[in-house]
Amino acid sequence: MQHQISIRLTVFVGIIFCQSSCAAETSLEKSLSSFPIAAIQNLLDPLHDGSFLNFTNDNPDIRRVSEPCLFDLVQLGKDLRARKSSAVQMIDSFGKVPSGLIRGHLQWFGAYDECLAVNKSSVNYCLTRLGSSDDLTAIQRSPALGTCLPRTCGSNDIELIVNVLIEAIAKLAKQSIPELDTLRSRSTVCELDNPWEGGAFLIMAVIAIFAVICTFGSILECCPGVTRIGHARRRSTFTRIVEDMEDDPLLTTTTENGETVKIDIEEEVVEEPLAFRAFQSFSFGASWRFFTDERPNEIPYLNGMLVASVWWVLIGKEFSLGELVYENAYDYFDGMKTFLGQLIVSSYLAGDTFLLISGLVLTYTILGRLERNGGRLNWAWLYIRRYLRLTPMYAVLLLGFVFLVPHVVDGPFPLLVGQDIGRNPILFCKQYWWTNMLYINNFVPLDTTQQCMDWTPFLAIEMQLFLITPPLVFLLYKCSKVGLAAIVSLIAGCLVTNAVIEAQWGLPIAMFQVPLKHNDTYDPTFDYVGNKPYTRATPYLIGMMLGFLFLKKPVWQFPYPKFDIVFNIGCWISSCIVANKVIFGLYDEAYNSPTAVNMLGRVSWQMLSHLGYSASISWVIFACNYGYAGPIRDILEWKVWRPLSHLTYMVYLFHPLTLQLWLVTQRDPFYFNLINMTSFFFAQLISVYTISFIFGILIEFPLLRLERAIMRF
């Protein structure tokens with residue numbers, strides 16, 4: 001037994017001390033010849049003395065390793081001594097301590113593919129975190145070591161053996177090493193097989209069905225005569241009205257008195273069945289026109305704002321996701337403290353732009369319908385239509401994330417992500433998918449680390465704010481003063497709520513900060529203000545007031561024409577100053593220490609930052625609508641933004657997925673610098689718009705056209 005333990009520890013210490021000598025060779029044979037077996041054995045000679053064996057025998061951890069694992073480790077040691085290629089590959093594929101540790105290079109993954117290339121059925125790649133605490137936050141900042149061992153060694157076995165090795169090294173050290181006293185393997189996750197589930201076949205079937213329907217609809221559109229086969233024709237008589245009858249002699253006749261009058265024309269009209277019109281809604285041609293053409297009630301200058309905002313979101317998400325994979329993570333943290341880094345840190349403000357535009361467009365549309373219909377509206381259908389507008393593509397994404405993504409991603413990074421949140425994120429979606437479909441995932445679960453697709457709570461905010469929109473719009477229709485008073489009251493309530501919550505704990509308002517009141521009631525996993533409708537409603541409500549103003553006053557001019565230019569310039573300057581303060585206001589001061597910015601400063605910021613940013617964006621929209629924007633409106637109305645803006649919703653849905661698919665399939669950490677991040681951004685921009693366009697043509701646009709066809713019928 002003692003000899004077996006000695007062999008096992010020989011293998012593991014060989015793993016630790018064997019650096020990249022094998023990888024430097026050009027062939028496996030040369031690697032075998034140069035593999036430092038003798039050097040490793042010399043290093044391990046002290047492990048064979050009696051005192052060490054007594055120590056390992058007294059260590060309870062070694063006796064808890066499973067027997068199959070012990071047996072295969074003994075065989076691995078023998079194969080290594082015999083220089084078998086499989087054993088050498090397994091040892092070589094272990095993670096090695098790299099350079100750049102003080103810059104945050106803590107991901108020591110080793111060679112994932114080399115490990116599994118030995119024999120995937122007999123070896124297992126695992127990732128173990130070496131740390132001094134079991135706290136999840138501490139684990140996230142701990143080194144990650146890739147291991148390649150026999151498949152009989154599970155995650156518990158690996159943790160036990162690594163801990164025995166660490167204790168052995170500490171025992172043999174010439175002098176005391178305090179760090180080794182608490183250093184342990186704190187979390188180990190192994191590569192597991194992902195069996196295909198029924199949900200994967202369901203989502204593939206759904207996509208295939210949509211593709212078939214779109215193809216059939218395209219055939220119907222290309223061959224319009226097909227729709228007339230076997231269907232009766234109905235004759236209808238109607239009067240065609242023209243603006244200037246004298247210009248169209250076919251529609252006029254002259255009486256005996258010399259008067260020109262319009263005439264009725266009997267014309268044959270072929271009515272196509274609803275089913276055919278429904279199929280034609282799915283044609284690729286119709287979807288392309290829906291993608292490129294201007295839509296009813298479209299406000300052109302909002303297109304550029306939507307595209308710019310979703311790009312801002314994409315940039316912010318790119319940087320924040322990459323935090324897990326940077327080999328120089330501390331350079332990233334230092335970069336976020338710079339002046340330009342605030343553009344990345346403040347990317348969450350793009351969500352305020354979405355909320356403001358959403359409130360504006362919905363109020364403008366619903367209020368316009370009320371006025372055209374004399375106050376009558378199908379309120380139930382309004383809510384149903386909104387749910388159907390957002391949910392189908394959302395559900396497709398959810399199914400794909402749960403059932404298809406696990407079969408696309410592989411490598412050490414998925415294991416790393418699972419360790420950082422304490423569990424595989426796919427499992428959270430299987431447990432809490434219903435909260436997404438009910439748009440309550442910003443409240444359930446309470447622990448934000450367990451949210452399914454953590455970028456989707458924003459959609460819940462939009463849906464929850466929509467619930468109060470029809471009643472508020474109806475108030476605006478019945479009595480505008482009461483409606484405006486209600487909206488202003490809600491804004492005031494939102495500001496007060498933010499202030500009260502902030503004052504309760506002194507929540508962080510910037511990266512690297514901690515709460516000022518870190519008491520027993522504070523839960524770091526709970527989202528207090530970030531994704532709650534009662535704290536994020538301000539921009540949405542301001543947008544509702546803008547929508548009301550634009551509908552009631554299509555044309556507006558400053559009441560004092562002599563000061564019109566002064567008014568315009570003054571508002572633009574004020575808007576830029578406020579936006580600059582919100583975006584860059586935390587630069588320098590907020591990063592001096594974790595408790596930087598006192599309670600009054602934090603309360604003021606939490607209370608007024610969203611209001612100030614919304615006011616700045618509101619002026620830009622106001623100026624574009626009433627002719628005060630000049631070339632800025634021309635830029636925002638550039639026609640290239642129109643089709644891109646039609647993909648905004650899907651880009652928001654898919655952008656974290658495309659980022660994650662690229663990042664988690666990497667085999668080595670990613671170096672953080674401006675050139676790499678810029679290249680990465682444009683690559684992701686192309687990827688996410690391509691995927692969004694494909695699903696837009698297949699699913700999103702056809703469903704929107706189908707809904708309109710049903711409404712017309």
Side-chain angles (χ1 to χ4, degrees), residues 1 3-20 22-23 31-32 35 37 40 44 47 56 59 61-97 107-130 142-169 183-193 410-416 418-419 667:
M1 181 66 181
H3 181 63
Q4 292 178 352
I5 294 174
S6 174
I7 294 176
R8 288 183 220 114
L9 289 173
T10 299
V11 173
F12 275 95
V13 176
I15 291 166
I16 296 298
F17 288 99
C18 175
Q19 299 298 319
S20 57
C22 299
S31 298
L32 289 171
F35 193 81
I37 300 292
I40 294 173
L44 297 177
L47 299 180
T56 54
N59 192 319
D61 285 344
I62 199 66
R63 297 182 178 86
R64 291 162 54 194
V65 177
S66 64
E67 285 298 326
C69 177
L70 289 174
F71 178 82
D72 287 341
L73 283 175
V74 171
Q75 186 60 47
L76 175 61
K78 294 178 180 178
D79 292 344
L80 181 61
R81 291 175 181 274
R83 294 180 174 82
K84 286 191 175 181
S85 60
S86 59
V88 172
Q89 283 185 252
M90 290 177 66
I91 298 302
D92 182 56
S93 62
F94 268 76
K96 315 297 191 302
V97 179
Q107 295 88 8
W108 313 332
F109 294 145
Y112 172 86
D113 294 305
E114 182 184 2
C115 173
L116 297 185
V118 174
N119 189 339
K120 194 170 183 179
S121 62
S122 61
V123 301
N124 201 8
Y125 178 90
C126 299
L127 201 64
T128 186
R129 303 299 278 269
L130 306 176
S142 301
L145 176 67
T147 64
C148 185
L149 290 172
R151 201 169 185 82
T152 52
C153 297
S155 57
N156 290 334
D157 294 327
I158 293 174
E159 288 190 12
L160 291 170
I161 297 170
V162 170
N163 290 338
V164 168
L165 174 62
I166 294 172
E167 292 180 18
I169 294 174
L183 183 65
R184 294 291 183 273
S185 174
R186 299 294 177 179
S187 175
T188 301
V189 181
C190 295
E191 180 77 15
L192 299 175
D193 293 329
D410 63 358
F413 280 110
L415 306 180
L416 185 73
Q419 288 176 324
R667 297 301 190 254

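We number each residue from 1, following the sequence as shown.
Leu70 has its side chain out of reach of Gln75: every pair of non-hydrogen atoms, C-beta onward, lies at least 4.5 Å apart. Taking 4.5 Å as the limit, every side-chain heavy atom of Thr188 sits out of range of all side-chain heavy atoms of Arg129. A 4.5 Å side-chain heavy-atom check between Pro150 and Leu73 finds at least one atom pair inside the cut-off. Residues Leu160 and Arg64 have side chains in contact (heavy-atom distance under 4.5 Å, counting atoms from C-beta outward). Residues Tyr125 and Phe94 form no side-chain contact, since every pair of their non-hydrogen atoms from C-beta on lies 4.5 Å or further apart. Looking at heavy atoms from C-beta onward, Gln89 lies out of side-chain contact with Asp92 at the 4.5 angstrom threshold. Counting only heavy atoms from C-beta outward, the side chains of Tyr112 and Ser93 never approach each other to under 4.5 Å.
Here CG of Leu149 is found 6.5 Å from CD1 of Ile161. Values are rounded to the nearest 0.5 Å. To the nearest 0.5 angstrom, Met90 atom CE is 5.0 Å from Leu76 atom CG. Here the CG atom belonging to Asn124 is positioned 7.5 Å from the CG atom belonging to Leu116, to the nearest 0.5 angstrom. One distance of note links OG of Ser155 with CD of Glu191; it measures 13.0 Å at 0.5 Å rounding. Gln107 contributes atom CD, which lies 6.0 Å from atom CG of Leu416 (distance to the nearest 0.5 angstrom). Atom CG in Leu145 sits 9.0 Å away from atom NZ in Lys96 (nearest 0.5 Å).
Closest non-hydrogen pair, Ile158 versus Cys153, comes out as CD1-O, 4.1 Å.
A side-chain donor-acceptor contact under 3.5 Å links Arg151 to the backbone of Val123. Between the Asp157 side chain and the Ser66 main chain, a donor and an acceptor come within less than 3.5 Å of each other.
Checked against the 2.5 Å cut-off, the SG-SG distance between Cys115 and Cys148 falls under it.
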| task | Please report the C-alpha distance between Leu127 and Thr147 in whole Å, then the side-chain angles of each, then the deciding distance to 0.1 Å, and finally whether the side chain to side chain contact (heavy atoms under 4.5 Å, CB included) criterion is met. | result | CA-CA 6 Å; Leu127 201 64; Thr147 64; over 6 Å; no
